[in-house]
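Structure, as structure tokens:
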Amino acid sequence: MKRPSSLPILKQFEGTHHVDVNNKGKAVLKDEFDDYEITDSERITTPVICRTIQNWESTTRGEEFSWGKQGLWRREQINRAAKLEKQLKARWAVDGLIEEELNRFRAQYNRAIVPTKLKDMAQLIMPKWTPSPELATLAWLGDWRPSTILDLLQHLAHSSAFSKSLPDSVAIEVALPQLINELRIEEAVIDEEMAEIQSNCILHLPFGPNKAQKGAAMVCIQSEFKKIHRVITKAQNLRLEAMEMAVKKVLSRTDAAEFLVAFAGIQDLVHQWATQHKLNTGPVSIRTKALKSGSPLK
Amino acid sequence: MFKAIGKDPFPPPLTHTHTHITHSIYTHFLFKKSITQFSFFITAHFGFKKSSKPFKDYYNSWFKTLKNILLLQLRNAMSSSSTSSTILLASHVEVMHQHFLNYYETLDLAASNDVAQVLYPDWKNRFEKPFLWLGDLHPYLFINLLRSFIGDSENDSDIFDEKQNWHVVMAWKSPGKRLTNRVDQIECGLRLMVPALAARARDAQAAFVKKVAAEWGRCEGRNVETKGGVEEARARDFDEHEAASKQHAQSTFVGKVAREPRRKEEMKGVMVEGAAGGLHAQAAFFEKTAREGRRKDEMKGAVAEFAERERHVHTVAREGRRKEEMRRVVMETAAAEMEELVGVFVDANRLRRSVLSDILSFTDVYQAAVFLEALAQFLVGFRNRELLSQFEKCSLEL
């Protein structure tokens, strides 16, 4: 797979960008990231009113230690720790939710990997529960097209749906299009494999010109369906890879959450539209006047 | 001629006949109305008008014609060895060819009605569906089917059944260099066009996602603004509330100041009347002040609750408007995508049609007959009842 080699590009770009712009050392860069992390989780919970870091004066020489000052300092420390704990808990909660959402995708995309009967194969490619306009709008081999998942990420980033830091970053401008391109190449490879089955292996079916001389018809069909199953599994893996890449590798925690919200929201909107559209259109029909003479319906 | 323009010069007399005509017109109107209602019912419940037919019906009918009439006729003509059989075979080949062309043209018409349903056809069975590319047979299939005869011609034994037409048996024995070159040319063209069509379908989806994502971001962005707006409104409410409190405090103070001389007078009176009476007046004053305080707190609570409710109503209304706008955007963008997909689907059908016609243009009548017979048999095979029944019951796992 080409993917792993391209993954670090994102982080690399991010790092280079910060170093170039700020011209600061590694330690400064690390501090900046740490600061980002806190700001991210802050946006999730109630905003902390005062964000400026207060510079506490050190005890001056000759000043006496007082019980009062110590007590004040301790109370401040406890307050700060409580605030930090609150932010951490919020962060863990978001982490948990993101992981839960990813697990749902894993479960959904792994449907193709679990043993399937011959007649269920059609459900993987054209699920009955998904209206045909929704499939036409977004699907490739039964579910979201992997490159479209990253397309969505790219355009959401450009449309300022995410935090301010992301749209300008080099990762979105350079690395993401590269990843989308790679996904498109892999989709094309899978398309070719599927085309080979649909145009060549199909001839080995029991009624085809290249039918196997020996063996039962169902065994022959099973052999061809197994090939399709392998292709579908590859497609599902690619989808999952795209989703994990978007959520885990490209985006920060808050942006990942925002992306998942947008993903679910857009899918729901498309589903609603598709259901309504199918209901309004009814079964696909043809105008009888438009049919030529000699047509079976005339 | 007639002065009263716009009036009927010969108004019909109000007779029994007229009443009868009026009645019959009324009955006719009612009948027409019921017909309209019925057709509306049909349209609403079955989704198609009287002048249109479901594509599924067309396909079933088309398939029956292929299986029960055209394929049998072609086979009979192929096995006949009479002298006039070549002309007959040529006509059957042409009829079969036209039958396929008619199917693809009708598919195009159906696509303009709803491309999504022809891309994911529910008239195809579960056995056929995994083998569909853009709603129908893959264009490579025609070429590969043809190549299977060219490959077979080299391996076939020379056993000849006397019942068969000698020309048909020998059709693919030595296809010739010209034919194989032509097949290579068609395949080269297909190898360029098929991925291009797949890319167009992919780009249409990407364009949809781009537009919807941009609108989503815009709405979310506006949401951020409104969030800011809420904060501002909250701050404004707070300021107003503060000002109102201050004003209230001032008036209370003025009232207090005004009351103070009276209180002093009272106190003086009290001093005169005696300590016990003074204590009583003081207690009454404190009670009054406490009551005032409680009333103020209640008012503050009511104002805050009202402001909160107002904010909630505004937020819900804004959320509703945002969702409505997104729905509109999805509908419009999806319509644009469907239009593009109609183009892709029609081009895919054009490709299928042109490959089929090309094949029939450079093959002789016997080769064409063998090819079309195999193609028709292929389609019929997918709908073989016995095989389908086995397929549905099959417990083999993948």
Side-chain angles (χ1 to χ4, degrees), chain A residues 115-119 121-122 125-126 132-133 135-138 145 147-148 151-152 155-156 159-161 188 191 195 198-200 202-203 205-210 217-218 221-222 225-226 228-229 262 265-266 269-270 272-273 281-292 294-297, chain B residues 46-48 51-56 58 61-62 65 102 106 109-110 113-120 126 129-131 133 138 140-141 144 148 195 198 202 205-206 208-210 212-214 216-218 220-221 326-327 330-331 334 337 341 374 377-378 381 387 390-392 394 396-398:
Chain A
T116 314
K117 287 186 179 170
L118 297 183
K119 62 179 180 179
M121 179 61 82
I125 299 174
M126 299 182 192
S132 53
L135 287 171
T137 311
L138 294 169
R145 189 183 278 276
S147 62
T148 315
D151 274 330
L152 177 68
H155 298 298
L156 281 173
S159 69
S160 73
D191 272 342
Q198 289 170 337
S199 66
N200 211 355
I202 194 172
L203 301 176
L205 288 174
F207 43 82
N210 298 345
M218 281 305 121
I221 293 170
Q222 186 201 26
F225 269 56
K226 267 186 175 172
I228 298 175
H229 189 245
I266 288 172
L269 281 168
V270 172
Q272 281 178 26
W273 164 78
T281 315
V284 63
S285 59
I286 37 169
R287 276 186 297 167
T288 42
K289 279 179 189 173
L291 285 173
K292 280 185 177 177
S295 143
L297 274 181
Chain B
F46 301 101
F48 49 88
S51 60
S52 61
K53 298 232 175 197
F55 184 82
K56 198 175 183 173
Y58 165 83
S61 178
W62 179 88
T65 311
N102 186 276
T106 315
L109 288 175
N113 178 242
D114 186 6
V115 69
Q117 288 186 62
V118 294
L119 283 172
Y120 296 92
R126 291 201 272 193
K129 278 177 182 174
F131 293 99
W133 178 81
H138 202 292
Y140 291 164
L141 173 66
N144 287 339
S148 73
R202 182 201 62 207
Q205 290 183 334
F208 171 81
V209 163
K210 181 181 177 181
V212 173
W216 181 276
R218 199 173 64 84
E220 287 299 298
M326 274 310 294
R327 273 194 206 109
V330 166
M331 197 174 75
E337 188 192 348
L341 287 178
Q377 171 54 38
F378 204 77
L387 196 69
Q390 280 182 42
F391 177 79
E392 291 291 331
C394 183
L396 287 174
E397 283 184 348
L398 296 167

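Just so you know, these numbers come straight off a predicted model, no measurement behind them. In the text below, chain A, chain B and the rest are named by the order of the sequence lines, each starting its count at 1.
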Minimum-distance pair of heavy atoms, taken over all atoms of B:R126 and A:A122: O-CB, 3.7 Å

Output the distance between atom CZ (B:F208) and atom CD1 (A:I266), rounded to the nearest 0.5 Å. 8.0 Å

When the 4.5 angstrom heavy-atom criterion is applied to B:E337 and chain A, the contacting part is side chain

For A:A188, is it the side chain, the backbone, both, or neither that has a heavy atom closer than 4.5 Å to a heavy atom of chain B? neither

Identify the heavy atoms of A:L118 and B:C394 that sit nearest to each other, and give their distance. CD1-SG, 3.6 Å

What one should report as the nearest heavy-atom pair of B:Q117 and A:G282 is NE2-O, 2.8 Å

For the student: nearest non-hydrogen atoms of A:A136 and B:Q205, plus distance: O-NE2, 3.2 Å

Find the distance between CG (B:L109) and CD1 (A:I286) and round it off to the nearest 0.5 Å. 7.0 Å

Please lay out, stage by stage, how A:I125 and B:Y120 fare under the test side-chain contact (heavy atoms from CB on, under 4.5 Å). CA-CA 9 Å; A:I125 299 174; B:Y120 296 92; 5.7 Å; no

Contact part of A:L269 toward chain B, heavy-atom cut-off under 4.5 Å: side chain, backbone, both or neither? both

Checking side-chain contact (heavy atoms from CB on, under 4.5 Å) for the pair B:L387/A:I221: CA distance, chi angles, key distance, verdict? CA-CA 10 Å; B:L387 196 69; A:I221 293 170; 4.2 Å; yes

Taking A:V284's backbone N and O only, do any of them form a donor-acceptor pair with B:D114's side chain (distance below 3.5 Å, no angle check)? no

Is there a side-chain contact (heavy atoms from CB on, under 4.5 Å) between A:K119 and B:F391? Walk through the geometry before answering. CA-CA 7 Å; A:K119 62 179 180 179; B:F391 177 79; 4.1 Å; yes

Who among A:M126, A:K226, A:Q272 has the most heavy-atom pairs with chain B under 4.5 Å? A:M126

Verify side-chain contact (heavy atoms from CB on, under 4.5 Å) between B:L341 and A:T137, making sure each step is shown before the conclusion. CA-CA 9 Å; B:L341 287 178; A:T137 311; over 6 Å; no

Which atoms form the tightest heavy-atom contact between A:S285 and B:N113, and what is the distance? N-OD1, 2.9 Å

Kindly say whether B:H138 contributes a backbone atom to a donor-acceptor pair with the side chain of A:Q198 at under 3.5 angstrom? no

Contacting region of B:L396 [heavy-atom separation from chain A under 4.5 Å]: both

A:L203 and B:F378, any side-chain heavy atoms less than 4.5 Å apart: yes

Check whether any side-chain heavy atom of B:W216 sits under 4.5 Å from a side-chain heavy atom of A:L152, and report yes or no. no

Please state whether the side chain, the backbone, both or neither of B:A110 comes within less than 4.5 Å of a heavy atom of chain A. both

For a quick test of reading the model, state the closest non-hydrogen atom pair linking B:G217 to A:S159 and the distance between them. CA-OG, 3.2 Å

I want to check something: taking the side chain as every heavy atom from C-beta on, are A:L138 and B:V209 in contact at a cut-off of under 4.5 Å? yes

